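For the numbers below, each heavy atom of this structure counts, side chains included, while hydrogens, waters and symmetry mates do not. Reminder, nothing fancy here: chain letters follow the sequence lines and each chain counts from 1. Here the structure is a predicted model, which is why all the values come from computation and not from measurement.
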Protein chains: 2
Amino acid sequence: MPEIPDSDTFLASDAFAADLLRGHTDTIVLAVLSQGESYGFEIFKTIRDATGGAYEIKEATLYASYRRLLKDGLVEAYWGDETQGGRRKYYRITDAGRAVYHDNVSAWEITRGLIDTLLELGKAARPGGTRPGRRP
Amino acid sequence: MPEIPDSDTFLASDAFAADLLRGHTDTIVLAVLSQGESYGFEIFKTIRDATGGAYEIKEATLYASYRRLLKDGLVEAYWGDETQGGRRKYYRITDAGRAVYHDNVSAWEITRGLIDTLLELGKAARPGGTRPGRRP
DNA sequence: CACTAGTACTTTATCTGTTACAGTACTCGA
DNA sequence: TCGAGTACTGTAACAGATAAAGTACTAGTG
C-alpha cells in the first residue's frame with residue numbers, strides 16, 4: 001500500500017489510497033525514465049523523493065510495472081557493469097514509451113476533470129442535504 | 001468499463017480509464033446522495049448526465065457499490081411504494097456517509113496533487129531525454 | 001397476443017493492478 | 001558474525017470493476 005507517513009487524512013485508509021493511485025504506476029515510471037535512464041531501486045527513490053517522502057510505491061508494484069513495460073515494448077533494460085555492490089538493471093524509455101506517456105497524461109487530465117466534476121456534485125447539496133417529496 | 005463514446009483519447013483503452021477511476025465509485029455515489037435521496041437507476045443517470053454523457057458507471061459496479069455502502073452504514077435503503085413499473089430501491093446518505101464523503105474528497109485532492117507532481121516529472125525531461133554517463 | 005426496448009434490480013465468475021511476503025545476492029559498519 | 005541497507009525476483013491473495021446472465025414490469029408496435 002502506498003505509505004504517506006505524515007498525512008493523517010491519507011492514513012485513514014491505505015487500501016483506499018492505493019485504489020486512487022491504481023493504474024498510474026506505469027505512467028509514473030515512464031515519467032521518471034523520460035528524464036533519463038535509471039535502475040530499479042533508483043526509480044523507487046526518485047518517486048519517493050519527488051513527493052518529499054510523502055508517497056512511495058512498493059517495490060513489488062514497481063518491479064511488476066517494469067515487467068509490464070518491458071513486455072509492451074515501452075522500455076528497454078540492460079544490466080549495469082557494476083564491479084561492486086549489487087547488480088543493477090537499468091531501464092530506458094523507448095519512443096513507443098514516450099508516446100504512451102503523453103497519451104496517458106492526456107487521459108489523466110480528462111479523468112481528473114471527470115472526477116472533480118462528479119465529486120463536486122456533493123458540494124452542490126443544500127444544507128441538510130435532502131429534497132422534499134421523498135418517503136422517510 | 002467506463003464508456004466515453006466521444007473521446008478518442010479515452011477510447012484508446014477503456015480498461016486503462018477504468019483503473020484511473022477505480023476506487024472513486026463509492027465517493028461519487030455519496031456525492032450524488034448528498035444532493036438528496038435517489039434510487040439506483042436514477043443515480044446511474046445522474047452520474048452519466050453530470051458528465052454530459054461522456055462517462056457512465058456500469059450498473060453492476062454501482063449496485064456493488066450500494067451494497068458496500070449499506071454494509072458500511074454510509075447509506076440507508078428503503079423500497080419505494082410504486083404501484084406501477086418496477087420497484088425502486090431508494091438510498092439515503094447517513095451522517096457517517098457525509099463524513100466519509102468529505103474525508104474522501106480531501107484524500108482525492110491530495111492524491112490528485114501527487115499524481116500531477118509525479119506525472120510532471122516527465123515534462124521536466126530535456127530534449128532527447130537522456131543523461132550523459134550511462135551505458136548505451 | 002407476441003415481441004422488443006426500456007426501466008429497475010440482483011448475482012456470479014472473471015479480470016488485473018497491487019502488494020505482503022519470501023527469496024536471492026552483495027556491501028558496510030559494529 | 002550479524003544486522004541493516006541496497007538491489008532484484010517471484011508467488012499467492014486481495015478487492016474493485018464489470019461482462020454476462022438473470023428476474024420483473026411497462027409501453028409501443030405489428
For B/Ser65, the side chain to side chain contact (heavy atoms under 4.5 Å, CB included) test, sequence neighbours excluded, returns B/Thr25, B/Asp26, B/Val29, B/Arg68, B/Leu69
How many Å lie between CG on B/Asp19 and P on C/dT19, as a whole number? 12 Å
Return the set of residues passing side chain to side chain contact (heavy atoms under 4.5 Å, CB included) with A/Lys89 (not counting sequence neighbours), or none when no residue passes. A/Ala77, A/Trp79, A/Tyr91
By nearest atom, which of the nucleotides D/dA19, D/dG16, D/dA7 is closest to the A/Phe41 side chain? D/dA7
Nearest to the side chain of B/Tyr91, which nucleotide is it out of C/dT10, D/dA15, D/dC8? C/dT10
Within less than 4.0 Å of OP1 or OP2 of C/dG17, is there a side-chain N or O belonging to A/Lys58? no
Using whole Å, what does the distance between atom C1' of nucleotide D/dC8 and atom CD of A/Glu42 come to? 15 Å
Starting at the 5' end of nucleotides 22-30 of chain C, put B wherever the base has a protein heavy atom under 4.0 Å, S where only the sugar-phosphate does, and a dash everywhere else. ----SSS--
If I take atom CZ in residue B/Phe44 and atom C1' in nucleotide C/dA8, what distance separates them, rounded to the nearest angstrom? 11 Å
Atom-to-atom span, CG of B/Asp26 to C1' of D/dG16 - whole angstrom: 9 Å
From the list C/dG17, D/dA7, D/dT18, which nucleotide is the closest neighbour of the side chain of A/Arg88? D/dA7
Distance-only polar pair, side chains of B/Tyr90 and B/Glu42, donor-acceptor under 3.5 Å: no
Atom pair distance, as rounded to whole Å: CZ in A/Arg48 and P in D/dA7: 11 Å
Residues within residues 61-68 of chain A bordering DNA chain C, heavy-atom distance below 4.0 Å: A/Thr61, A/Ala64, A/Arg68
Among all residues two or more places apart in sequence or in another chain, which pass the side chain to side chain contact (heavy atoms under 4.5 Å, CB included) test with A/Ala99? none
Does OP1 or OP2 of C/dA8 have a side-chain N or O of B/Lys45 closer than 4.0 Å? yes
Among C/dT18, D/dA7, C/dC9, the nucleotide that comes nearest once only the side chain of A/Arg22 is considered: C/dT18
Sequence neighbours left out, what passes side chain to side chain contact (heavy atoms under 4.5 Å, CB included) with B/Asp72? Give chain and number order. B/Leu74
Can you name the residues that form a salt bridge (charged side-chain N to carboxylate O under 4.0 Å, His left out) with A/Arg22, not counting sequence neighbours? B/Asp19
Residues two or more places apart in sequence or in another chain: which of them pass side-chain hydrogen bond (donor to acceptor under 3.5 Å, both in side chains) with B/Glu76? B/Arg92
Look at the aromatic rings of B/Phe41 and B/Phe44 and report parallel, tilted or perpendicular, splitting at 30° and 60°. parallel
All side-chain hydrogen bond (donor to acceptor under 3.5 Å, both in side chains) counterparts of B/Asp95, not counting sequence neighbours: B/Arg98
Has A/Lys89 got a side-chain N or O lying under 4.0 Å from the OP1 or OP2 atom of D/dT9? yes
Without decimals, in angstroms, what is the distance between A/Leu21 CG and C/dT16 P? 21 Å
N/O (side chain, A/Tyr39) to phosphate O (OP1/OP2, D/dC8) under 4.0 Å: no
